[in-house]
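It should be emphasised that the depicted structure is a prediction, and the values quoted were computed from it without experimental measurement.
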Amino acid sequence: MNRVAVELGARSYEVRIGEGLIARAGAEVAPLLRRRQVAVVTDETVAGAHLPTLMAALEAEGIAASALALPAGEATKGWAELARCTEWLLEQKVERRDVVIALGGGVIGDLVGFAAAILRRGVRFVQLPTTLLAQVDSSVGGKTGINTAQGKNLVGAFHQPSLVLADIGVLDTLPERDFLSGYGEVVKYGLLGDAAFFDWLEINGPALKAGDRVARLRAVTRSVEMKAGIVARDETEEGERALLNLGHTFCHALEKATGYSDRLLHGEGVAIGCALAFELSSRLGLCSQEDPSRVRAHLAAMGMKVDLAQIPGDLPGTEALIALMGQDKKVVDGRLRFVLARGIGEAFVAEDVPGEAVRAVLDEALARR
Ligand SMILES: NC(=O)c1ccc[n+]([C@@H]2O[C@H](COP(=O)([O-])OP(=O)(O)OC[C@H]3O[C@@H](n4cnc5c(N)ncnc54)[C@H](O)[C@@H]3O)[C@@H](O)[C@H]2O)c1
């Protein structure tokens, strides 16, 4: 088992990464408990595959547990299920000093984390992330929240977990498309700040995809180390944490254009967005022309979407996509902010990106459709 510390003073916590952690969750969680009782929230798909293991692990340590399984899918991350989840936790008599467990992907982690943040003005929670995306990204860093009719993640809170247990064995049951979507975020870490990690992914990505345990442990651990370091230096995104949004300005426009449907999963949008961000960087003379080609070649070799042409159905034109970027909550004072790169592993935040260059990149990308 690997351990990565997220250093946030009194709110510091550990991310433990390894195989079989859910089967050992009772022993891992027990030291946090003031009384031997927890409430578990999961989704129906994850419940079918992994809840019995967790419940047995808790029982083995004499920890009483009740569980709620919400419907799987992004639609669960909204007001209705937040109300249902919060009221259920109150019915379970979760008290101020108790611990809530979130077992699932980013949807469950974000929703349950937010419910924990507002329940009795804040109770502790433990993340048991079960998707690659949740293990390398959403379970670490304390961003919690829900979507509303106005957009994604617009209501939420910073609420750090007390512990994260990333059981790499549970990724065996994850559909390949979801695995590759999470891989989009893994690649992002290499691209934004660790060229040697990107080199390693180019060589080991296929083994990782095929289920190699050593590669999986290394990829999740390195990703978590990078996220933990950035979060520790900039918890509330005043500066460096914005680098984690590499590829996300393009991604959010594409997600809005495809209605947050399964036409495009979040990590797929991130991967395409990273490729476009490197094309934009190259067009602006910031990085070499080889860099975007290398990014695209690796994503393609992994069997991932690289191009707008691979998104099924119609997409709006360049101006409409730029307008969708403009609604992004990360826009500062109406200017388009992008995370760009001076090379692989060298991302930075660019404040005033010329509109013509963005238009040209999107025109070219749409012309390839
Ligand atoms: N808080 C953050 O910092 C942060 C960062 C990135 C993304 N997010 C959020 O994360 C969400 C996406 O997360 P996600 O991709 O994990 O989606 P998800 O939680 O919807 O999981 C994807 C699908 O996989 C299923 N699943 C989960 N684990 C499984 C397993 N082990 N075996 C089989 N099936 C399994 C789920 O039931 C679901 O159908 C989005 O809402 C996004 O906004 C948050």
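- The environment of CD in Gln310 is crowded: more than 12 heavy-atom neighbours from other residues, nucleotides or ligands sit within 6.0 Å.
- Among Leu82, Val107, Thr76, the single residue meeting the side-chain contact (heavy atoms from CB on, under 4.5 Å) criterion with Leu70 is Thr76.
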Tabulate below the donor-acceptor pairs under 3.5 Å that side-chain atoms of residues 8-18 make, not counting sequence neighbours, or state none.
{"from": "Arg11", "atom 1": "NH1", "to": "Glu235", "atom 2": "OE1", "distance (Å)": "3.2"}
{"from": "Arg11", "atom 1": "NH1", "to": "Glu235", "atom 2": "OE2", "distance (Å)": "2.6"}
{"from": "Arg11", "atom 1": "NH2", "to": "Glu235", "atom 2": "OE1", "distance (Å)": "3.1"}
{"from": "Ser12", "atom 1": "OG", "to": "Leu8", "atom 2": "N", "distance (Å)": "2.8"}
{"from": "Ser12", "atom 1": "OG", "to": "Gly9", "atom 2": "N", "distance (Å)": "3.1"}
{"from": "Ser12", "atom 1": "OG", "to": "Gly9", "atom 2": "O", "distance (Å)": "2.7"}
{"from": "Tyr13", "atom 1": "OH", "to": "Gly141", "atom 2": "N", "distance (Å)": "3.0"}
{"from": "Tyr13", "atom 1": "OH", "to": "Gln160", "atom 2": "OE1", "distance (Å)": "2.7"}
{"from": "Glu14", "atom 1": "OE1", "to": "Arg3", "atom 2": "NH1", "distance (Å)": "2.8"}
{"from": "Glu14", "atom 1": "OE1", "to": "Arg16", "atom 2": "NE", "distance (Å)": "2.8"}
{"from": "Glu14", "atom 1": "OE1", "to": "Arg16", "atom 2": "NH2", "distance (Å)": "3.4"}
{"from": "Arg16", "atom 1": "NH1", "to": "Glu28", "atom 2": "OE1", "distance (Å)": "2.6"}

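- Cluster annotation: Val29 and Val94 are assigned to distinct hydrophobic clusters (Ile/Leu/Val/Met/Phe/Trp/Tyr, side-chain heavy-atom contacts under 4.5 Å, transitive).
- For residues 277-323, the ring-ring contact (aromatic ring centres under 6.0 Å, His included) pairs, not counting sequence neighbours, are Tyr183-His298, Phe198-His298.
- In this structure, His266 has its ring center at least 6.0 angstrom away from the ring center of Tyr260.
- No hydrogens or angles considered: a donor-acceptor pair under 3.5 Å links the side chains of Lys77 and Asn153.
- For the pair Asn204 (side chain) and Ala215 (backbone), a donor-acceptor distance under 3.5 Å is absent.
- Although no hydrogens or angles enter the test, the distance criterion places a donor-acceptor pair under 3.5 Å between the side chain of Asp167 and the main chain of Ile22.
- Residues satisfying the side chain to side chain donor-acceptor pair (under 3.5 Å) criterion with Glu176, sequence neighbours excluded, are absent altogether.
- The backbone N or O of Ala157 lies less than 3.5 Å from a partner atom in the side chain of Thr144, making a donor-acceptor pair.
- Taking NZ of Lys209 as the reference point, atom CG of Leu132 lies at 13.0 Å (rounded to 0.5 Å).
- Considering CD1 of Ile108 and SG of Cys85, their distance stands at 7.5 Å, rounded to 0.5 Å.
- Donor-acceptor pairing under 3.5 Å is lacking for the side chains of Thr42 and His50.
- A cation-pi arrangement is present between Arg342 and Phe348, with the terminal nitrogen or guanidinium carbon under 6.0 Å from the aromatic centre and inside a 45° cone about the axis.
- Note: Glu225 CD to Ile230 CD1 = 12.0 Å, rounded to the nearest 0.5 Å.
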